[in-house]
Amino acid sequence: MPEAVKFYPYDFDYKVEGDLVYVYLYGKSENGTRVCVKHQHKPYFFALIAGADKEVITKKLKELNLETRDGVAKVVSWEEVEKEYLGKKKTFWKIYVNFPKAVPFISKELESGGIECYEKDILFVHRYLRDTGITPTALVQATGEYVTSNPFNQFRVPLFIADKVTPLSKESLSQWKLLAVDIETYAERKEILPEKNPILMIGLYGIDEQGKEFSKVLAWKEFPHELEYVEILADEREMLQRFRELLLDYQPDILTGYFSDGFDLPYINIRAQKNKVRMDLGIDGSDLYAGSKAELREAESRIKGIVHVDVLKFVRNIFGKNLKIDSFSLDDVAGELLGHKKHVVNLDVLPEIWNKTPEKLAPYAAYCHHDAKLALLLCQKLLFDMMEFSKIIGLPMFDVIRMRFSRLVENYILTRAMEYNVLAPNRPGGESMDERREESIEGGFVFEPTPGLYKDIVVFDFRSLYPTIITSHNIGPEGFRCECCQEQPHVPEKEDYWFCSREKKFLPTVLGQLIERRAEMKKLVKEMKARGENTQMLESRSYALKILANSFYGYLGFFGARWYCLECAASTTAYARNYIRTTMGKAEAKGFRVIYADTDSCFVLLGEQKLDDALNFMHEVNASLPGQMELEFENYYPRGIFVAQKGSEKGAKKRYALISKDGKLKITGFETVRRNWSLIGKEVQQQVLRLVLNDKTEEALQYVRETIKELRKGTIPIAKVILKTQITKDLREYAAVGPHVAAAQRLLQRGVKVLPGTVVEYVITKGTGLIRDRVKLPDELKEGEYDAEYYVSHQLMPAVSSIFGVFGYGEEDVFKESSQTGLGKFW
DNA sequence: CGAGCCCGGGG
DNA sequence: GTGTACGGGCTCG
C-alpha cells in the first residue's frame, strides 16, 4: 500500500542498480526521524542534430556500445526537444543513457563524429534536483513505500522507495543536530605526516535539536584531569573505533570542522587504514570518503547521508569577503564572528609532553575540546547563510559551501536555465580558456582629486551599479549585436557594440530577479525589525542575493564561464564610466563642485547650497535613470581630506579620509590598517587625520612634534615600535638578508625554529650601519633602546607627510626639530 | 617589470 | 563522482 513521507532532504547521492539509476535523498522529518528516500531518475544530455542525416544518426545511437570501467555505456532512448540556445530557439535531441558516467563517453563519441553535444558535464544529482524542482533543506513529499525486507540493506535509517517526490514548500528544516570534530596529532617541528604520526586526541562537540550539548575528548594516554568529557582509550586503534561508535550513535545531520576537508577527516581516514579500522560512517554503510594522501590541499571529505560542513571553505570562499581579518585561521575567524579566541597552548612541545610528561596533557585536551566547540559555534552561526545559498542556487549545501564566486553564479544561472528551458553553453576547452585568460578590459572611472581639505562633502553612489547596468541595458550574450536593434543607441565608447532593446534576455532577466528579490527582502527586514522580530534568516538571504548579483559582472569576464562574454563585461564598465561622468556633469551644472569620483561614487561639495538641494539633484538624476538603476545618498561629511600622490602635485586615487557628523572616521587607502606598520605609526596617522578633519591642523602638528620628542626621549613603550613581517621560506634561501630575516636568525640562535609562515616581531635599535645589523627581538630590548630616528623617518614621516602636505608643510617643517622657517606662525 | 612558484587552513 | 585548481603575494630572471 502506497504511503507518503514528508521530510527535509539535505544530502544527496545516487547509485546505479542494474538498468536503473536511483537518487538517494537523505533528510529528516519534522518530528526528527531520519529517512532516506530513493527515487529513480534518468541520465541524459543534449545533441544538436541540425544538418545531419537523421537516419544515420539513429542507426549510430542504436548501435553505440562503449566498454567503460563502470560497464557498457549505451543509449537508452532519445527525443526531439526545442530549447533556447544563446537567445535562439533550436531543436536538439535529448539523449538518455543507461548510467550517469555513460554521458561523457557517449557524448565524446558523438562529438568525434562531428555532432555538438551539450550539458554533458552536469552532475547527476544536480540534474535531478533541477529536473524535479526539489530545493535542498526545503520540505518535500515522497509517495511510495518503505523497503522492509532487503538482505543487502545496509542503511542505518529507514529506507523508502518513492515513485514520486514533490516539493511542498520553501520552508527549511529549522532543527538541526550538529557535531564538530577536531583532532590533535603528533607533530614534531610542525611536520604534519599522517602516514607516520598518530592522532593523539579526537575532540567532539555536539548540539542537538533541543540545544543540548554533547562533549567528548578521546585520547590514548592516561593523564590527571578534571575534565568530565575526557575518555581514555588503550591505543590509537581503540580511539578510532570509539570515534566511529560515537559518531554512529550520535547521528548528526551535520558534521562540521575547521579545515576538516583537508586535515581532520583525511587524517582520520589514513590513520584508520593504518590501524585497520573500518570508517564505515555513511548512512548507507559506506566508508568515509576523504581526500587522497597526495593532494590534501583541495580535498573534499564526505560521509554519505551526513552533510559535512568545512567551515573554513565557506568562510574563505564566500562569507569572509566582508570580514576584516588578517587570515582565515580559526583563531581569527572565531575571534571576529564569535568574539572568542582559541586557547593558548604550545603545540610545539605536545609530542614531548605526550612521551615524557603526560601529566601535563590536560590543557591540550581542553584546547582540543575548545577548538571543536568553536567550529561548531561558527557552523551554527553561519548555517542560515549556508542554507540560503543552497536554496537560492538549488544545489546541496555540501556543494555550495565549497564553491567560489564564479561557480556560485554559474550554478545559479544553470538552475534558472532549466526553469526557462534554456540550454547551457559548454565550458571552454583548454585552448579557448588560454585565449580568454589573455584578454582584459577597461575598468571603472576614477576622477583624480585635487589634494586639499574640503568641507561639506556629500557622497552619492549608485546602488549595485554593475548589476543594475546589466539588467537595465539587457546586457548578455543573447542580445549582443542582435539583428533587430542595430539602429538603436550603441554602448558608450563602443561604436560596434549594442544589445537588444526589444526583448528582455535570459541572463539579465535572472539577474534582475536577484536584485528585485533582494529589494523585497530588505523591505521585509525593515518591517520586521520595526516589529521587533528576528530577521536573521531574511538578512542571510539578502546577503546571499547581494553577493550573487555583484558577482555577475565578474562572471561575464571570467575565463572559465559558460556564459562568458567579454564584450558584455566591457560594455558594463563602459556604461558605468558614462553614468558616473554624466552624473558629475549634472552636478556641476547644478552648481556643485565635484571633488572626487570612483567607479560608482561621486563626491560633491555643498558650497552655498543646502543638503536638500543636493538631494533634489539626486532625485533629478534618478528620474533620468533607466530600469533598476538608482543613485543613492551615501552620507554627508562635514570634512574630508584628499592627499597628493607621493612626490607629485597630483591627487592620489583611492586615498582619502572623511569624518561624519557623529565624528566617525572613514579612512580609505591609508596605511593605518596594514600589519607591517608599527603601532606608533598607525596611531599617529589616525590621530593626525582625526585632528586635521576637525580643523585642528595646528594641534596635529604639535602632536606629531610631541611624539617625535617622546620617541627621542625613549619614553614610547616598546610594544608600540614593534615591526612584524612574515618569513616565507627557509632562512638559508634568502639571498638578501632583510631586517625580518635578521630577526629570524636571532630566533634561530636561541634555538627557536623559524619555519616559513612565522611572523617575526622585531625592533630597530640605535647604532650605525645596516638596518639588519640593528635588529633586536622585543624581549632583548631595554626601554628606550630603539632607534628614534629610524621610527621618525621610516614610520612617522611616511604615515603623515602626505597629510601635512595638503596644508603646505614639507617634511622638514614637520620633522626638523628646530625648523620654524616660514611657518613659524604655528609655534 | 613580467612570468613562475608557492601558499592557504591544519599540529 | 557526467568535477581538476583559485587568486594573491613573493621571488627571480
Side-chain angles (χ1 to χ4, degrees), chain A residues 12-16 21 43-46 68-70 73 95 97 99-108 117-128 182-194 197-201 257-267 289 291-292 295-300 302 304 310-313 315-317 320 326-333 342 345-351 354 364 367-368 371 375 398-399 402-407 411 426-427 430 433 437 554 558-560 725-730 733-736 738 755-757:
Chain A
F12 309 87
D13 180 35
Y14 79 88
K15 293 184 204 294
V16 181
V21 190
Y44 63 87
F45 64 100
F46 296 94
T68 79
R69 251 185 297 166
D70 304 279
I95 298 171
V97 297
F99 59 95
K101 280 187 177 165
V103 169
F105 288 100
I106 304 274
S107 62
K108 206 173 265 174
C117 296
Y118 297 90
E119 296 190 8
K120 60 214 174 184
D121 54 357
I122 311 287
L123 300 184
F124 186 62
V125 162
H126 295 184
R127 167 70 76 200
Y128 171 81
D182 178 62
I183 64 169
E184 305 308 319
T185 68
Y186 190 93
E188 281 173 328
R189 18 169 105 222
K190 300 175 201 278
E191 286 174 338
I192 291 169
L193 303 167
N197 295 326
I199 299 172
L200 306 180
M201 299 178 185
Y258 204 81
F259 197 36
S260 38
D261 254 353
F263 180 68
D264 303 80
L265 293 184
Y267 210 114
Y289 173 87
S292 72
E295 271 298 333
L296 291 192
R297 222 161 32 86
E298 280 296 312
E300 291 178 1
R302 162 165 239 154
K304 284 179 186 168
D310 183 342
V311 176
L312 165 70
K313 287 274 169 75
V315 172
R316 192 191 66 190
N317 293 345
D326 290 336
S327 80
F328 289 125
S329 65
L330 177 58
D331 197 40
D332 282 357
V333 172
K342 279 168 69 116
V345 297
N346 185 357
L347 283 171
D348 297 338
V349 297
L350 175 56
W354 182 268
Y364 291 91
Y367 167 84
C368 180
D371 271 12
F398 181 92
D399 303 66
R402 287 170 176 77
M403 290 177 187
R404 291 175 175 95
F405 286 94
S406 57
R407 280 287 175 86
N411 279 296
N426 285 326
R427 287 232 199 90
M433 208 131 95
R437 276 176 202 268
F558 169 59
F559 57 82
T725 310
Q726 194 171 40
I727 297 294
T728 53
K729 56 179 182 179
D730 195 287
E733 290 170 41
Y734 279 100
L755 290 165

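Naming convention: chains lettered A, B, ... in sequence-line order (proteins, then strands); numbering from 1 in each chain.
Residue contacts shown for Leu330(A) are limited to sugar-phosphate atoms, with no base heavy atom under 4.0 Å away. Contact annotation for Phe328(A): backbone-only contact, meaning every heavy-atom pair under 4.0 Å involves sugar-phosphate atoms and none involves a base. At a threshold of 4.0 angstrom between heavy atoms, the contacts of Arg407(A) include nucleobase atoms, whether or not backbone atoms are also involved. Note on Asp371(A): only backbone sugar-phosphate atoms sit closer than 4.0 angstrom, heavy atoms only; bases stay farther off. If you check every strand for non-hydrogen atoms under 4.0 Å, Tyr44(A) touches a base. Using a 4.0 Å heavy-atom cutoff across all strands shown, Pro104(A) reaches sugar-phosphate atoms only and no base atom. Residue-level contact check: Ile183(A) touches the backbone only, with heavy atoms under 4.0 Å from sugar-phosphate atoms and none from bases. Looking at heavy-atom distances under 4.0 Å, Tyr14(A) makes contact with sugar-phosphate atoms alone, never a base. Within the 4.0 angstrom heavy-atom criterion, only backbone atoms of the sugar-phosphate kind lie near Lys342(A); the bases stay farther away.
Across every non-hydrogen atom of Tyr258(A) and Asp264(A), the tightest pair is O-OD1, 3.6 Å.
At whole-Å resolution of the value, CD1 in Ile192(A) and P in dG9(B) are 13 Å apart. Rounding to whole angstrom units, CG of residue Asp348(A) and C1' of dG10(B) are separated by 14 Å. Between the CZ atom of Phe259(A) and the P atom of dG11(B) there is a distance of 10 Å, rounded to whole Å. Residue Tyr267(A) contributes atom OH, which lies 8 Å from atom C1' of dG11(B) at whole-angstrom precision. Atom P of nucleotide dG7(C) and atom CE of Met403(A) are separated by 15 Å, given to the nearest angstrom. If you take CZ of Arg316(A) and C1' of dA5(C), they are 10 Å apart, rounded to a whole angstrom. Nucleotide dG10(B) holds its C1' atom 7 Å from the CG atom of Asp264(A), rounded to whole Å. Leu200(A) has its CG atom 12 Å from the P atom of dG11(B), to the nearest Å.
For dG11(B) and dT4(C), the C1' atoms lie 28 Å apart once the distance is rounded to whole Å. Only the C1' atoms considered, dG8(C) is 15 Å distant from dG9(B), to the nearest whole Å.
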Would you sort out whether Phe12(A) and Tyr14(A) count as a ring-ring contact (aromatic ring centres under 6.0 Å, His included), showing the intermediate values?
CA-CA 7 Å; Phe12(A) 309 87; Tyr14(A) 79 88; over 10 Å; no

Can you list the steps and then say if Glu300(A) with Lys313(A) is a salt bridge (charged side-chain N to carboxylate O under 4.0 Å, His left out)?
CA-CA 10 Å; Glu300(A) 291 178 1; Lys313(A) 287 274 169 75; 5.6 Å; no

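Not one side-chain nitrogen or oxygen of Arg402(A) sits closer than 4.0 Å to the OP1 or OP2 atom of dA5(C). Side-chain N/O atoms of Tyr367(A) include one lying less than 4.0 angstrom from OP1 or OP2 on dG11(B).
Shown here are the side chain to side chain contact (heavy atoms under 4.5 Å, CB included) partners of Arg69(A), two or more places apart in sequence or in another chain: there are none. Take Asp331(A) and apply the salt bridge (Lys or Arg N to Asp or Glu O under 4.0 Å) test, not counting sequence neighbours, and it matches Lys341(A).
For Arg437(A), the side-chain atoms get nearest to dC6(C) when compared with the rest of dC6(C), dG11(B), dG9(B). Checked against dG10(B), dG7(C), dG11(B), the side chain of Phe558(A) finds its nearest nucleotide in dG7(C). Listed nucleotides dC6(C), dG9(B), dG11(B) differ in distance to Phe559(A); the shortest reach to its side chain belongs to dC6(C).
Here Asp13(A) does not pair with Arg302(A) in a salt bridge; the nearest charged N to carboxylate O distance is not below 4.0 Å.
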